[in-house]
Amino acid sequence: MRLAEGLGLVRGARPLLGTFLRPRAAVAAAAPAPARARSQALVYAQHGEPARVLQLKDLERAELGHSGVHVKMLAAPINPADINMIQGTYALLPDLPAVGGNEGVGQVVEVGSHVTSVKPGDWVIPADAELGTWRTDAVFSEESLVKLPRDIPLLCAATLSVNPCTAYRMLADFETLVPGDSIIQNAANSGVGQAVIQIAAALGIKTINVIRDRPNLQEVVDRLTSLGADHVITEEMLRKPEMKDLFKKVPKPRLALNCVGGKSTTEMLRHIQQKGTMVTYGGMAKQPVTVPVSAFIFKDVKLRGFWMTQWKKDQPQNKDRLTGMILTLCDLIRKGQLTGPACTQVPLKDYRIAVEASMKSFISSKQVLTM
């Protein structure tokens, strides 16, 4: 409703009583409504290459109301899914225009009178995707946020809700793993891969980690080993007969985690245990998963898929399960058993640098926007 309509001063509207009480006095002009507070956000109005379609814009901040939570964003990473959303190739696409970013951590500034789960000063992370975290601040609904302990490092908090949660669920939900069991994964240097290594090590589970050959191969091997990786091999080594020697030291894996597709997937399946499970959660090679018939007939392998966004959607009335997982991961962080990925912090205003860096091959550092 426009301001003039609200005052009863439009044609055909009944005037306010006060205008009759002072017929000879001039009616004072109505004071303009106070301007809404504004924030900055990375917005895209069409799909395309992120560096081209993203724009840093001033947005009006929504009113707090009774159930709103005003959050000042502190840090928000750039993940592959964020890039795919902007490109229009992801399975989940928000209405346009949209604010980029699905992950990050913020600090509560103010809460509405009906809000009970968080208070000013608390740290919060998104409960689900599409929140739009690449912004300085915003008013969100209470239901869209999960409270986070403040005694973990900022960058761990900012990168907690996607990759570590994905790693945790895949290790917990598909095979009953016990200490001494092994798993195999490709894309082991990815954010999920690094989290898998650390969580598995904390559980006493051995990891066989497959990475692409690269100029700084030894540097990457050393880093993954420092995180707790038991074995780090290249895609080429995965195909060699010498793999038999590796399985004299470690049992064949009951679980394979696939983020690549193509030949890498086929080779991992060759080494999986009888009745083992392969979970696909990504397709970096943009090639189909090819499974030999023999893997089904003679090994009775199970092929599954996992998408963290869908897992969250499947828990609409069970936010406690999400919160419990977050607290478990925070406990691992406190104990030094789970660290955040290597990160490069970039101010929001320099977003183009961060976006372009996040799309380069063999980049081991996650780009994190800071506000």
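The chain is numbered in sequence order, starting from 1.
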For this session: Return yes if some donor-acceptor pair links the side-chain N/O of Thr166 with the main-chain N/O of Met308 below 3.5 Å, else return no.
Result: no

Contacts satisfying ring-ring contact (aromatic ring centres under 6.0 Å, His included) that involve residues 103-156 (not counting sequence neighbours) are His66-His114

Looking only at heavy atoms, the pair that brings Asp300 and Lys275 closest together is OD2-NZ, 2.9 Å

| field | Atom CD of Gln315 with >12 non-hydrogen neighbours under 6.0 angstrom | value | yes

What one should report as the nearest heavy-atom pair of Ala127 and Leu145 is CB-N, 4.0 Å

Sorted by chain and residue number, the side chain to side chain contact (heavy atoms under 4.5 Å, CB included) partners of Asp95 (sequence neighbours excluded) come out as none

- With the 4.5 Å side-chain cut-off for hydrophobic clustering, are Leu59 and Leu64 part of the same group? no

Between Arg61 and Asp137, is there a side-chain N and carboxylate O pair less than 4.0 Å apart?
yes

Residues at least two apart in sequence or cross-chain that pass side chain to side chain contact (heavy atoms under 4.5 Å, CB included) with Asp151, listed by chain then number, are Pro149, Arg334

For Thr89, the side chain to side chain contact (heavy atoms under 4.5 Å, CB included) test, sequence neighbours excluded, returns Asn84, Gln87

So does Lys302 pair up with Glu175, basic N to acidic O under 4.0 Å?
yes

Q) When hydrophobic residues are tied together by side-chain contacts of less than 4.5 Å, even through go-betweens, does Val289 share a cluster with Ile272? A) yes

Query - More than 12 heavy atoms from other groups under 6.0 Å of NZ on Lys319 - result: yes

Taken to the nearest 0.5 Å, the spacing of Leu338 CG from Cys156 SG works out to 6.5 Å

| request: Determine, stepwise, if the pair Leu257 / Ile184 fulfils side-chain contact (heavy atoms from CB on, under 4.5 Å). | output: CA-CA 6 Å; Leu257 305 178; Ile184 188 170; over 6 Å; no

Nearest heavy-atom contact between Ala195 and Asn163 is CB-O, 4.2 Å

Taken to the nearest 0.5 Å, the spacing of Leu148 CG from Ser161 OG works out to 9.0 Å

- Query: Where do Asp128 and Thr309 land on the side-chain contact (heavy atoms from CB on, under 4.5 Å) test, with the steps shown first?
  - Reply: CA-CA 7 Å; Asp128 206 346; Thr309 299; 4.0 Å; yes

Is it possible for you to say whether Ile78 and Val105 belong to one hydrophobic cluster, with membership spreading through side-chain heavy-atom contacts below 4.5 Å? no

Taken in chain and number order and not counting sequence neighbours, the residues that satisfy salt bridge (Lys or Arg N to Asp or Glu O under 4.0 Å) with Lys286 are none

Exercise. Would you mind reporting whether His47 and Leu96 have side-chain heavy atoms less than 4.5 Å apart?
Key: yes

Fill in: Check: Gly121 main-chain N/O paired with Arg150 side-chain donor or acceptor under 3.5 Å
yes

Note: Glu267-Arg270 ion pair, threshold 4.0 Å (strictly below): yes

The side-chain hydrogen bond (donor to acceptor under 3.5 Å, both in side chains) partners of Thr207 (sequence neighbours excluded) come to Asn209

Heavy atoms of Gly106 and Val71 approach each other most closely as CA-CG1, 3.7 Å

Hits for ring-ring contact (aromatic ring centres under 6.0 Å, His included) against His271, two or more places apart or cross-chain, chain-then-number order -> Phe247

ask   = For Arg223, does its backbone N or O pair with a side-chain atom of Ser226 as donor and acceptor, under 3.5 Å?
value = yes

Item to check | Check: Ser264 side chain, Gly261 main-chain N or O, donor-acceptor pair, under 3.5 Å | outcome: no

Would you check if the side chain of Asp181 reaches a backbone N or O of Ile205 as a donor-acceptor pair within less than 3.5 Å?
no

For residues 146-177, the ring-ring contact (aromatic ring centres under 6.0 Å, His included) pairs (sequence neighbours left out) are none

* Check the pair Ser67 / Glu142 against side chain to side chain donor-acceptor pair (under 3.5 Å), numbers first and verdict last. => CA-CA 6 Å; Ser67 304; Glu142 181 180 12; over 6 Å; no

Next item on the list: Kindly work out whether a path of hydrophobic side-chain contacts (I/L/V/M/F/W/Y, heavy atoms less than 4.5 Å apart) joins Met325 to Val279.
Entry: yes

Query raised in the report: Are Asp213 and Thr234 close enough that a side-chain donor and a side-chain acceptor fall under 3.5 Å?
Result: no

If two hydrophobic side chains count as joined below 4.5 Å and joins carry through other members, does Phe306 share a cluster with Leu160?
yes

Paired with Lys366, the side chain to side chain contact (heavy atoms under 4.5 Å, CB included) test is passed by just one of Leu155, Asn79, Thr344, namely Asn79

So CG of Leu332 and CG of Leu203: to nearest 0.5 Å the spacing works out to 7.5 Å

For residues 211-236, the ring-ring contact (aromatic ring centres under 6.0 Å, His included) pairs (sequence neighbours left out) are none

For this session: Start with the C-alpha distance between Asn186 and Met268, add both sets of side-chain angles, then the distance that settles side-chain contact (heavy atoms from CB on, under 4.5 Å), and finish with yes or no.
Result: CA-CA 8 Å; Asn186 54 25; Met268 282 205 305; 3.4 Å; yes

Tracing side-chain contacts under 4.5 Å among Ile, Leu, Val, Met, Phe, Trp and Tyr outward from Val220 reaches Ile197, Ile211, Leu217, Val221, Leu224, Leu227, Val232

Within the supplied structure, the quantity of interest is the number of heavy atoms (other residues, nucleotides, ligands) at a distance under 6.0 Å from Arg304 CZ; does it exceed 12? no

Please determine if Asp122 and Lys147 form a salt bridge, counting it only when a charged side-chain N lies under 4.0 Å from a carboxylate O. yes

Those residues at least two apart in sequence (or on a different chain) that pass side chain to side chain contact (heavy atoms under 4.5 Å, CB included) with Ala45 are Pro97

Interatomic distance, CD@Gln55 vs CG@Leu42, rounded to 0.5 Å, equals 10.0 Å

Heavy-atom nearest pair, Gln287 first then Lys263, reads OE1-N, 4.1 Å

Is it true that, when you exclude Lys252 itself, more than 12 heavy atoms of the residues, nucleotides or ligands shown sit nearer than 6.0 Å to its NZ?
yes

Residues passing the ring-ring contact (aromatic ring centres under 6.0 Å, His included) test with Tyr44, sequence neighbours excluded, are none

Closer than 3.5 angstrom, by distance alone: can the side chain of Thr136 be matched with the main-chain N or O of Gln40 as a donor-acceptor pair?
yes

When rounded to the nearest 0.5 Å, the distance separating OH of Tyr351 from CD of Gln367 is 15.0 Å

- Message: I'd like to know whether NZ of Lys206 has more than 12 heavy-atom contacts from other residues, nucleotides or ligands below 6.0 angstrom.
- Response: no

Closest non-hydrogen contact found for Val291 with Phe296 is CG1-CE1, 3.5 Å

*Between the main-chain N or O of Thr290 and the side-chain N or O of Thr266, is there a donor-acceptor pair closer than 3.5 Å?*
yes

Under 3.5 Å: donor-acceptor pair, side chain of Arg214, backbone of Arg212
yes

Distance col, row Leu171:CG vs Leu255:CG, nearest 0.5 angstrom, shows 6.5 Å

